[in-house]
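Encoded as structure tokens, the structure appears first; notes follow it.
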Amino acid sequence: MAKTTGPFRPFETNFNETAALATLRDTVHGADDGELFLERRRSEALVFDDGHLKTASYNASEGFGLRAVHGETAAYAHSTEMTDAALLRAAKTARLAVGSGGGSLAPPPAATNQRLYTDANPMAEAEFAVKIDTLRQIDAYLRDHDKRVVQVSATLAASLQEVEILRPEGIRLRDVRPLTRLNISVIVEENGRRESGSAGGGGRYGLSGLMAADHWQETAREALRIALVNLRAEPAPAGEFDVVLGPGWPGILLHEAIGHGLEGDFNRKGTSAFAGLMGKRVAAKGVTVLDDGTIPDRRGSISFDDEGTQSGKTTLIEDGILVGLMQDRQNARLMGVKPTGNGRRESYAHAPMPRMTNTYMLGGDVAREDIVAELKDGIYAVGFGGGQVDITNGKFVFSCTEAYRVKNGKVGAPVKGATLIGDGATALKHIRALGNDMALDPGMGNCGKAGQWVPVGVGQPTVLIGGLTVGGSAV
């Protein structure tokens with residue numbers, strides 16, 4: 001069982017460090033890379049739904065993962081049993097990747113003292129009763145604010161991930177990663193019609209800011225505003241339209257449709273739509289896309305990645321030209337480039353792979369209202385929900401949670417059921433204007449890949465894209 005008090009010190013409480021290092025070195029002898037990853041994670045979530053505390057959950061877990069990498073092969077063994085004996089058993093499995101050996105260890109990550117967030121436990125900032133009372137106040141505030149509110153759901157979630165990485169060179173790295181989030185959803189009803197809206201966000205900081213009245217009231221009003229917008233929405237049109245995407249969270253389309261295609265493993269294997277295009281034009285002039293894990297307190301930021309490489313700010317597309325990819329250590333070595341600090345894993349039970357951190361597009365010099373005014377007949381999409389993407393060709397389908405019909409540069413009625421359909425490579429080339437209002441999302445992104453989930457950030461300015469297919473129900 002995970003110890004939940006005191007700092008996480010596995011080499012003081014669970015393992016003999018000298019013995020663990022000897023086992024790690026034996027495991028990766030003749031290999032190209034490998035590490036011992038140790039983790040303790042504590043998390044809680046409180047859900048207040050329809051006037052009652054619906055869920056109050058707390059979880060604590062710990063374990064280790066041992067990896068050996070040889071060429072394109074990687075073996076990974078993990079356990080919740082934090083003992084020297086369990087590590088020896090894991091070593092037998094991880095050793096299978098090495099075979100007869102013949103490899104030589106890649107240079108270790110450079111040492112770093114980078115600290116991008118607090119190491120305080122966010123769950124300890126407020127008593128349980130205070131958290132419940134805050135959620136109750138949110139419910140009452142929304143119901144008092146508008147009599148059309150029929151249901152409110154509010155969630156406070158926090159976690160603390162503590163990791164240690166032991167490298168075969170004897171290097172030890174330690175990071176403490178807090179994560180918090182507030183989410184509010186509301187359902188309104190008028191004349192027998194019901195619609196919903198939601199808002200929220202968070203980051204790598206404490207709960208106190210999220211629980212402050214001025215913050216949660218603003219979040220609650222935003223969720224209500226979106227619900228009321230949808231209450232008067234008309235069926236979305238179907239066809240090919242020019243589309244303006246709003247700043248901030250709409251960058252999720254950039255993340256999914258383009259970002260995954262710029263991860264090293266997909267490009268090394270030739271399965272990405274961007275494979276083989278390094279140095280070529282892949283977007284309109286003026287388009288610059290970065291992945292930046294170094295922004296303080298952001299949801300997707302990491303002081304160093306889950307292999308020990310310091311997180312970085314990587315330019316992926318510069319003025320429309322593909323200039324970089326996101327790399328972990330294995331794919332970087334096989335492609336003859338440097339790691340970029342993007343080797344991430346969901347937990348000790350998962351091997352690392354190239355993953356995004358905070359991925360965003362830089363802004364331009366055009367005012368938002370001037371970009372919207374360019375639309376003769378199109379859609380202004382401000383909020384997005386779920387979507388699907390095929391990495392091999394970049395084709396995407398995204399549903400809008402807040403969107404408006406625009407004719408002759410005038411924003412008209414909101415539309416419901418709008419779905420944007422296209423492919424990332426084509427959409428990048430059809431960008432016709434970039435706003436001067438680049439913004440990051442409020443801190444609510446989760447990214448899935450190969451069954452693993454990690455927190456991420458997205459961002460972009462207002463963007464005008466020509467000729468996207470819009471799926472809708474209006475005739």
Quiz item: Do other residues, nucleotides or ligands put more than 12 heavy atoms under 6.0 Å from the CG atom of D144?
Solution: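 Yes - once you tally the heavy atoms of other residues, nucleotides and ligands closer than 6.0 Å, there are more than 12.
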Exercise. Count the heavy atoms of every other residue, nucleotide or ligand shown that sit under 6.0 Å from CD of E218, and state whether that count exceeds 12.
Key: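 Not more than 12 within 6.0 Å, no.
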Do [X] and [Y] meet the criterion of a side-chain donor-acceptor pair at a distance under 3.5 Å?
X	Y	result
N59	R41	no
Q114	S311	yes
T357	D291	yes
S196	N230	no

Salt-bridge contact [X]-[Y] (side-chain N to carboxylate O under 4.0 Å):
X	Y	answer
D175	R115	yes
R67	E307	yes
E44	K131	yes
R143	D139	yes
R225	E222	yes

Practice problem: Please lay out, stage by stage, how R177 and V163 fare under the test side-chain contact (heavy atoms from CB on, under 4.5 Å). | Solution: CA-CA 8 Å; R177 302 166 179 171; V163 304; 4.1 Å; yes
Taking the side chain from [X] and the backbone from [Y], do they hold a donor-acceptor pair closer than 3.5 Å?
X	Y	value
R181	M444	yes
D306	R345	yes
W249	P442	no
Y348	F37	no
R42	A158	no
Q452	E346	yes
S272	G261	yes
N342	P354	no

Exercise. Sort and list the pairs that fulfil ring-ring contact (aromatic ring centres under 6.0 Å, His included) and have at least one residue in residues 114-157, not counting sequence neighbours.
Key: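 Counting only pairs at least two positions apart or across chains, the ring-ring contact (aromatic ring centres under 6.0 Å, His included) contacts touching residues 114-157 are Y141-H145, Y141-W216.
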Quiz item: salt bridge (Lys or Arg N to Asp or Glu O under 4.0 Å) with D441: which residues, sequence neighbours excluded?
Solution: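 D441 satisfies salt bridge (Lys or Arg N to Asp or Glu O under 4.0 Å) with R298 once adjacent residues are dropped.
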